[in-house]
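So you know, we letter chains A, B, ... as the sequences are listed, proteins then strands, and number each from 1. Nothing here was measured: the structure is a model prediction, and the numbers come from that model. Side-chain atoms are counted along with the backbone in the values below, which use heavy atoms only and exclude waters and symmetry mates.
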Amino acid sequence: MKNMFQYLLNQFRIIKAVAFVTFKEWAAYRSHMLVSLLVGPVQFVVQVFIWRAVFAHRIVLNGFTLEQMITYFAVVTVINYLVMDFADWNLHMLIHTGRFVTYIVRPLSHRFFAFSQKVGHRALGFLWEFVPVYCLFFFVFHITLIPANVGWAVCSIFLGFLMAFFINYSIGILGFWLVRGEGVRRMIQIFSMLFRGVFIPLVFFPLFIQKILFFLPFQFATYVPIRVFIGSYELAGMRFGPAQIVGIQAAAVVIMYIVSGLLWRLGVKRFAGVGV
Amino acid sequence: MMTQLKIWGIAFKNALASRMAYRIDLFISAFIMLAFELIIPLVTLLIYSSGASFPGWKFHEVFLIQAVFLLSKGITFPFFAGIVWNTITQIREGTYDLLLIKPRNILFMTMLTGIDIEDLGKLLGGIAMFVYAVSLVPDPGALNWLVFVLLFVCSLMVFASFAFIMAASGFKWVGNFRVYEIFEALTHFSMYPMSIFSKGVQILITACIPLALMGFFPASLILGKSLQGLLVSLISSGFFLVFSVFFWYRMLKNYTSAGG
């Protein structure tokens, strides 16, 4: 028990150290992050106009009222700042340039290192993107984003944070097989964004696609946290309470953790440090 | 002019040859470029498939707006808009100096070295979408087609203006590729019927930043819909282009070769 505690404490110290360095490193590009203050709200405003027009002659559409739809896109905007991830790009770049070789000799798994980096990067995103945009929604658009159930929403967002990382890290691992896989990476990213419900709620897809989407990992990164935040989950005709869907989400995160680990073992054998 | 076209041809050939070294990646990247552009038409399709619509607009009419937008983007991005990526990258790396010493106009040289082959996917997709969308609407007549060409040129002008402004920002705002995100966010206003926006936004996207000219007005002409605000938008597009070129040269003076 004592060893376990010591192990967790060490892991926490590593996360803290790497996250802090990443935070400081990215803080140098604060003005780049502030672009989010324009992009997020502008995209949100467009969505407001679109859905106001769509709801002009109807009250409910695919289970959403206009108010719920606007809340959906407001939550999409802010949750994206919390779960956003670029582990795929980073790993791909390291493999492609050969710089990955420096990580192999470290007494630390690269996945854990990359995760710690994400913690630092998103901590900065929380301060420079989430908080200002949240305030903007509150003071300018008069939208109060309070979760239907704070506890479950926080759990779901945290699991979404993990899921986004494991998905992207798995995509990054493909770099071991592809000499130049930027195209493939971006292709998966586009489908990933679409199937996370960032552009439109997944209930708008045809039913048979919704059934497939339910079993893919993408919805657990963004769509599930959004629906838990709003307080009602529905996909492929299935409805779950927050406890049930967060439970399913946790199981999906564990599966993706295992999958990314297996992919890693297969992929790392192929690394030859070509670019070194 | 002929010399410049020849140089352009050589630059295009070089860019193509260089990108063809990784053919599969090029084809996938071109497909990705297209796939990314098809998200908004897909979202529109999903909205209409669920039985909803934009008041007064059928699906194929909205689709035509998005097709014109993509066609225009498909011409601008491979041939001109690479200036943005190119400028920001070279300034960050400090290699922009190499362009400054070439015996040609610096703006022209920056455009030449920014030819982006994989963006041709956008052009192919734009052509396919446009042909399909036009086949679904009645023929607007020869005169309207002529006016359409004029409006389409203006649409290209607006795209080019954005490219110059984004590239110019790179001289001061070093290494910030997120200017693309600003562009993508703003151009969302170009891909939907103008009637869904409030009056204030309509004035903004016709008179201030002529976003409506990038897709809405050319498509509305073919559809025979109202063109209210077109004249203001045309004048605005002229000013916008002049301003963007002026802005680019003004920002060029801020170049300090910091990354070298």
Side-chain angles (χ1 to χ4, degrees), chain A residues 28-58 60-64 66 69 77 96 129 178-191 193-194 197-207 209-210, chain B residues 19 21-40 42-57 62 118 121 169 172-198 201-202:
Chain A
Y29 303 99
R30 288 185 302 274
S31 70
H32 294 198
M33 274 195 163
L34 288 176
V35 169
S36 300
L37 293 187
L38 178 69
V39 173
V42 167
Q43 284 174 337
F44 172 72
V45 165
V46 174
Q47 292 297 338
V48 170
F49 282 119
I50 290 171
W51 294 105
R52 271 190 189 158
V54 167
F55 278 91
H57 301 297
R58 61 177 63 235
V60 179
L61 180 62
N62 279 335
F64 282 88
L66 173 61
M69 190 61 87
T77 308
H96 186 62
E129 292 174 320
L178 305 165
V179 178
R180 187 158 175 171
E182 187 59 19
V184 175
R185 188 186 69 79
R186 279 190 291 177
M187 183 164 69
I188 300 173
Q189 276 297 353
I190 288 173
F191 285 113
M193 293 294 279
L194 188 64
V198 171
F199 300 109
I200 193 164
L202 299 182
V203 283
F204 278 76
F205 282 92
L207 192 61
I209 295 181
Q210 287 186 43
Chain B
R19 204 61 183 83
Y22 296 96
R23 285 183 185 79
I24 299 293
D25 187 58
L26 168 64
F27 294 133
I28 292 173
S29 295
F31 175 73
I32 296 309
M33 289 295 173
L34 174 60
F36 186 74
E37 299 301 329
L38 294 181
I39 285 174
I40 285 183
L42 176 66
V43 167
T44 310
L45 177 67
L46 289 172
I47 290 172
Y48 275 79
S49 305
S50 64
S53 63
F54 297 123
W57 288 81
V62 183
E118 63 192 53
S169 73
K172 196 77 184 163
W173 209 1
V174 178
N176 195 356
F177 292 99
R178 293 197 73 190
V179 287
Y180 278 107
E181 288 179 44
I182 299 174
F183 171 75
E184 295 293 341
L186 288 176
T187 52
H188 273 104
F189 287 105
S190 322
M191 288 184 270
Y192 294 99
M194 206 165 68
S195 56
I196 72 167
F197 301 116
S198 65
V201 173
Q202 288 182 22

Would you mind telling me which of M33(A), Q43(A), Q47(A), R52(A) has the largest number of heavy-atom pairs within less than 4.5 Å of chain B?
Q43(A)

Under 4.5 Å heavy-atom distance to chain A, tell me which part of L42(B) shows up: side chain, backbone, both or neither.
side chain

Bottom line for R58(A): the part with an atom under 4.5 Å from chain B's heavy atoms is side chain

Give a yes or no on whether F199(A) atom CZ has more than 12 heavy-atom contacts from other residues, nucleotides or ligands under 6.0 Å away.
yes

For F49(A), all residues meeting ring-ring contact (aromatic ring centres under 6.0 Å, His included), sequence neighbours excluded
F197(B)

Option that, when pairs with chain B are counted at under 4.5 Å, heavy atom only, ranks first among A56(A), G40(A), S31(A):
S31(A)

Can you say whether F177(B) sits under 4.5 Å from chain A via the side chain, the backbone, both, or neither, judging by heavy atoms?
neither

Heavy-atom check, side chain of V43(B) versus side chain of F204(A), under 4.5 Å
no

Kindly indicate whether the side chain of Y192(B), heavy atoms from C-beta on, has any atom under 4.5 Å from the side chain of V46(A).
yes

Side chain, backbone, both or neither: which part of F55(A) has a non-hydrogen atom closer than 4.5 Å to chain B?
neither

Could you look at S53(B) and say if it's the side chain, the backbone, both or neither that has a heavy atom under 4.5 Å from chain A?
backbone

dist W51(A):CH2 -> I47(B):CD1 (nearest 0.5 Å) comes out at 4.0 Å

Taken to the nearest 0.5 Å, the spacing of R185(A) CZ from I28(B) CD1 works out to 13.0 Å

Quick one: what part of E118(B) sits under 4.5 Å from any heavy atom of chain A, side chain, backbone, both or neither?
side chain

Out of curiosity, I39(B) CD1 to L194(A) CG, how far, rounded to the nearest 0.5 Å?
5.5 Å

L46(B): which of N62(A), I209(A), I200(A), L202(A) passes side chain to side chain contact (heavy atoms under 4.5 Å, CB included)
I200(A)

Would one find more than 12 heavy atoms of other residues, nucleotides or ligands at under 6.0 Å from atom OH of Y180(B)?
yes

When heavy-atom pairs shorter than 4.5 Å are enumerated against chain A, which of S29(B), S49(B), P193(B) gives the highest number?
S29(B)

Can you name the closest pair of heavy atoms from A185(B) and V42(A) and give their distance?
O-CG1, 3.6 Å

If you count heavy-atom pairs within less than 4.5 Å of chain A, which of F54(B), F36(B), W173(B) leads?
W173(B)

All side chain to side chain contact (heavy atoms under 4.5 Å, CB included) counterparts of E181(B), not counting sequence neighbours:
V39(A), R178(B)

Heavy-atom distance under 4.5 Å to chain A: side chain of V179(B), backbone, both or neither?
neither

